[in-house]
Participant: 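This is the structure I want to talk about, given as C-alpha cells.
This is a predicted model, so every value here is computed, not measured.
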Amino acid sequence: MQVYVKVLHFYLKSDKMEIQNEEKFIKGVESLINPMEVSNILFFQKFKRLLPSRIMKRFLYNASKKTPYIGFAIDPYSLFLFFRLNDIEYAKSLLPDRYDLAMTRLFADDEPDYYMGIGNLNTRASTFWGTRQEVYLIAKDKKTGLFSFIFIDILSNTIIALPTKGIADPNCARAIFTTNSKGEIFLDIQEDGTNRKLILTGSIKRGKMRRLDQPLWLMGNTSVGHCKRFSKGEDNPFAVIFDPAEVHEALDIPPEDIRITENTLFPGLAHPEISKAICFPFAQHYIADSPGIYTMVKDRDDIIRKYNRLADSEKFTTFSARTLVKQIFIGISVTILIAIFLLLIL
C-alpha cells in the first residue's frame with residue numbers, strides 16, 4: 001500500500017510539462033478519419049481469405065514501419081463497467097508470462113481491488129469505424145512496472161486488429177450502443193459465432209465527475225496488451241498518446257442505475273454485480289501505435305512531450321487504408337497469377 005501511495009504522489013506532482021497545441025492535435029486526428037478509406041479497407045478485407053494469414057500479417061507490419069501511428073477518436077459517452085474478480089486463478093491463466101494480475105484503484109480515492117473491465121464505445125479511425133466492446137483484465141508489466149490493460153475479448157461490428165491475425169473480421173452483426181435525450185443508455189452486443197452477449201439499459205443522469213486513478217488510466221493506456229489466446233507468444237504491448245486531461249476525471253455512475261438484462265461473456269470470472277460504472281461524456285482523441293510497434297512512455301511528462309511533438313509535426317501522417325490496400329491488392333494479384341500459371345502447366 002505504501003508503494004502505491006508513493007506512485008500516486010509522483011503522478012500528482014508530475015506537472016512540469018503542459019499541452020501546447022490541443023486544437024492542432026485534435027484537428028490532426030479528425031482530419032485522418034476518412035469514411036471512404038474505411039470503406040476501401042472493408043472492401044479489400046473480404047478478399048483476405050485469398051492470402052495466407054501470415055502474409056496478411058506481414059503486410060500489416062510492413063505498413064506499420066512506414067506509418068507507425070494510428071489516429072482514432074472515441075465518441076462521447078463511452079461506458080466502462082468494472083466487476084470484482086471472482087476466480088483469481090482463472091484470471092491469471094489468461095495472462096501472458098510478461099504480466100502479473102494486479103490490484104488497482106479506478107477512482108483516485110478508491111480502495112484497490114481485482115477487476116474485470118468491459119469498455120463499450122463508438123469509435124472511428126482511418127482503418128475502422130463502428131461499435132466496439134473490449135473486455136480486459138488489469139495487470140502489471142514485469143518489464144516496465146506499468147499497469148496494463150490486457151484485452152481478453154473484443155466484440156465489434158467493424159474490423160479488429162489482433163497480434164495473431166493482423167486484421168480479423170467483425171464478429172458481431174448486432175452491436176448497438178447509444179444514448180437518448182433523457183440521459184438513458186442502450187447496449188445490446190452479441191457475438192455471431194457463440195451468441196455470447198451483454199445486454200443492458202440504464203441512465204447516466206445521476207453521474208458525478210470524480211478524479212480517476214492516474215497510474216491506471218494515464219499510464220495504463222501506454223501499456224496495452226493481449227491475452228494468451230490473442231497473442232500466442234507475441235506479448236508486446238502497444239501505447240496510446242493523448243492529452244492526460246482526457247482521463248483526468250469521468251462520471252461515476254451509481255451501479256444500481258445500470259440494469260443488466262443478460263451477460264454471458266465470461267461466466268464465473270467475475271461477480272455478476274457491477275462494482276463501478278464510469279462514463280466519459282466527451283470525445284477523446286488518440287494516436288496509437290500501429291500493429292507491431294511499441295512506443296515506450298516513461299511518465300506523464302513523456303506522454304505530453306510526445307503529444308506536443310506530434311501536434312507540432314508539419315506532416316500529420318498515421319496508418320491508413322492506403323498503406324495496406326496497395327499491398328493486399330498486389331498480394332492478391334500475385335496469388336491469382338500463380339494460380340493461373342499452375343493451371344496452364346498442369
Side-chain angles (χ1 to χ4, degrees), residues 33-53 56-57 60 70 72-81 83 94 116-136 149 151-180 184-202 224 226-227 229-231 258-267 269-270 272 274 277 279 283 288 291 319-321 324-325 328 332:
I33 302 171
N34 186 333
M36 292 307 297
E37 287 197 12
V38 177
S39 298
N40 288 338
I41 200 168
L42 288 172
F43 174 77
F44 276 95
Q45 175 74 359
K46 298 181 183 297
F47 295 96
K48 75 179 181 62
R49 296 178 183 85
L50 298 174
L51 297 173
S53 59
M56 279 296 301
K57 186 175 177 179
L60 191 67
I70 296 177
F72 71 97
I74 296 176
D75 289 339
Y77 302 109
S78 56
L79 178 69
F80 293 79
L81 307 174
F83 304 78
L94 300 174
M116 178 188 76
I118 302 179
N120 306 282
L121 42 101
N122 292 313
T123 183
R124 46 202 171 81
S126 53
T127 51
F128 56 84
W129 192 306
T131 299
R132 179 178 168 101
Q133 182 177 88
E134 305 167 345
V135 185
Y136 29 71
F149 288 99
F151 291 117
I152 61 173
D153 205 3
I154 302 172
L155 303 183
S156 183
N157 58 6
T158 187
I159 57 176
I160 304 166
L162 292 175
T164 51
K165 297 182 179 180
I167 296 179
D169 292 329
N171 54 16
C172 295
R174 190 171 81 195
I176 301 166
F177 176 51
T178 191
T179 61
N180 67 8
E184 296 170 329
I185 53 176
F186 306 92
L187 176 71
D188 186 345
I189 298 181
Q190 177 176 316
E191 187 175 33
D192 293 337
T194 65
N195 290 327
R196 295 162 60 247
K197 66 190 71 172
L198 176 60
I199 303 173
L200 62 81
T201 58
V224 182
H226 295 83
C227 66
R229 177 167 63 96
F230 290 153
S231 61
I258 308 295
R259 298 172 295 280
I260 295 177
T261 304
E262 192 169 0
N263 180 5
T264 58
L265 297 180
F266 283 90
L269 178 59
I274 299 172
C279 177
F319 190 99
S320 71
L324 185 60
V325 166
I328 296 175
I332 292 173

Participant: Quick one: are Ile152 and Phe230 in side-chain contact, heavy atoms under 4.5 Å?
Facilitator: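 Answer no - side chains too far apart.
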Participant: Run the side chain to side chain donor-acceptor pair (under 3.5 Å) test against Glu184 and tell me which residues pass, sequence neighbours left out.
Facilitator: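 For Glu184, the residues satisfying side chain to side chain donor-acceptor pair (under 3.5 Å) (neighbours in sequence not counted) are Asn180.
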Participant: Do the side chains of Asp153 and Gln133 get nearer than 4.5 Å, heavy atoms only?
Facilitator: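 Sidechains of Asp153 and Gln133: no contact.
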Participant: Compare every heavy atom of Leu265 with every heavy atom of Asn263, then report the nearest pair and how far apart it is.
Facilitator: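 Where Asn263 meets Leu265 most closely, the heavy atoms are OD1-N, 3.2 Å.
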Participant: Would the distance check show the side chain of Thr201 and the main-chain N or O of Phe186 forming a donor-acceptor pair, the cut-off being under 3.5 Å?
Facilitator: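 No; judged by distance alone, with no hydrogens or angles, the pair does not exist.
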Participant: Please name all residues satisfying side-chain contact (heavy atoms from CB on, under 4.5 Å) with Asp75, sequence neighbours left out, ordered by chain then number.
Facilitator: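 For Asp75 the side-chain contact (heavy atoms from CB on, under 4.5 Å) partners, ignoring immediate neighbours, are Asn122, Arg124.
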Participant: Could you tell me if the side chain of Phe83 sits less than 4.5 Å from the side chain of Ile118, heavy atoms only?
Facilitator: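 Sidechains of Phe83 and Ile118: in contact.
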Participant: From the options Asn171, Thr264, Asn195, select the one residue that forms a side chain to side chain donor-acceptor pair (under 3.5 Å) with Gln190.
Facilitator: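 Going through Asn171, Thr264, Asn195 one by one, the side chain to side chain donor-acceptor pair (under 3.5 Å) with Gln190 is satisfied by Asn195 alone.
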Participant: Quick one: pull up CZ in Phe80 and CD1 in Ile274 and give me the separation to the nearest 0.5 Å.
Facilitator: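 CD1 of Ile274 is found 14.0 Å from CZ of Phe80.
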Participant: Can you check whether Gly130's main-chain N or O pairs, donor with acceptor, with Asn157's side chain at less than 3.5 Å?
Facilitator: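 Not a single qualifying donor-acceptor pair exists.
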Participant: Does the side chain of Ile176 reach to within under 4.5 Å of the side chain of Thr131, using non-hydrogen atoms?
Facilitator: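 Heavy-atom side-chain distance check fails, nothing below 4.5 Å.
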Participant: So which atom in Pro76 and which in Ala283 form the shortest heavy-atom distance, rounded to 0.1 Å?
Facilitator: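 Pro76 and Ala283 have their closest heavy atoms at CG-N, 3.7 Å.
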Participant: Do Val135 and Leu198 have side-chain heavy atoms sitting under 4.5 Å apart?
Facilitator: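 Side-chain contact under 4.5 Å: no.
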Participant: Tell me every residue that passes salt bridge (charged side-chain N to carboxylate O under 4.0 Å, His left out) with Asp188, counting only those two or more places apart in sequence or in another chain.
Facilitator: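 With neighbours one apart ignored, the set is Arg174.
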Participant: Could you give the distance from CG (Asp169) to CG (Asp192), rounded to the nearest 0.5 Å?
Facilitator: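 Asp169 CG to Asp192 CG: 10.5 Å, rounded to 0.5 Å.
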Participant: Can you see which heavy atom on Ser78 is nearest to which on Leu121, and at what distance?
Facilitator: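 Nearest heavy atoms, Ser78 then Leu121: CB-CB, 3.9 Å.
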Participant: Between Ile33 and Trp129, is a side-chain contact (heavy atoms from CB on, under 4.5 Å) present by the stated rule, with each step listed?
Facilitator: CA-CA 9 Å; Ile33 302 171; Trp129 192 306; 3.4 Å; yes
Participant: Could you work out, with salt bridge (charged side-chain N to carboxylate O under 4.0 Å, His left out) as the rule, every residue matching Arg259, not counting sequence neighbours?
Facilitator: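 None.
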Participant: Mind checking what makes ring pair (Phe, Tyr, Trp, His ring centres under 6.0 Å) contact with Phe266, not counting sequence neighbours?
Facilitator: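 By the ring pair (Phe, Tyr, Trp, His ring centres under 6.0 Å) rule, Phe266 matches no residue at all.
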Participant: With rounding to the nearest 0.5 Å, note down the distance linking CD1 in Ile185 to CG in Asn120.
Facilitator: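 These two atoms lie 8.0 Å from each other.
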Participant: Of all the heavy-atom pairs spanning Cys172 and Leu155, show the shortest one and how long it is.
Facilitator: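 Looking at all heavy atoms of both residues, the shortest contact is SG-CB, 3.6 Å.
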Participant: Where do Leu81 and Ala277 come nearest, in terms of heavy atoms and distance?
Facilitator: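 Answer, listing the atom of Leu81 first, then Ala277: CD2-CB, 3.9 Å.
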Participant: Under the rule for ring pair (Phe, Tyr, Trp, His ring centres under 6.0 Å), what residues qualify as partners of Tyr136, not counting sequence neighbours?
Facilitator: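 Residues passing ring pair (Phe, Tyr, Trp, His ring centres under 6.0 Å) with Tyr136: Phe149.
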Participant: What's the shortest heavy-atom distance between Ile159 and Pro170, and which atoms?
Facilitator: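 Ile159 and Pro170 have their closest heavy atoms at N-CG, 3.9 Å.
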Participant: Is there side-chain contact between Leu187 and Leu79, with at least one heavy-atom pair below 4.5 Å?
Facilitator: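 Answer no - side chains too far apart.
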Participant: Could you check whether Arg132 makes a cation-pi contact with Phe72, meaning its NZ or CZ is under 6.0 Å from the centre of the six-membered ring and within 45° of the ring axis?
Facilitator: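 Verdict for Phe72: no cation-pi partner in Arg132.
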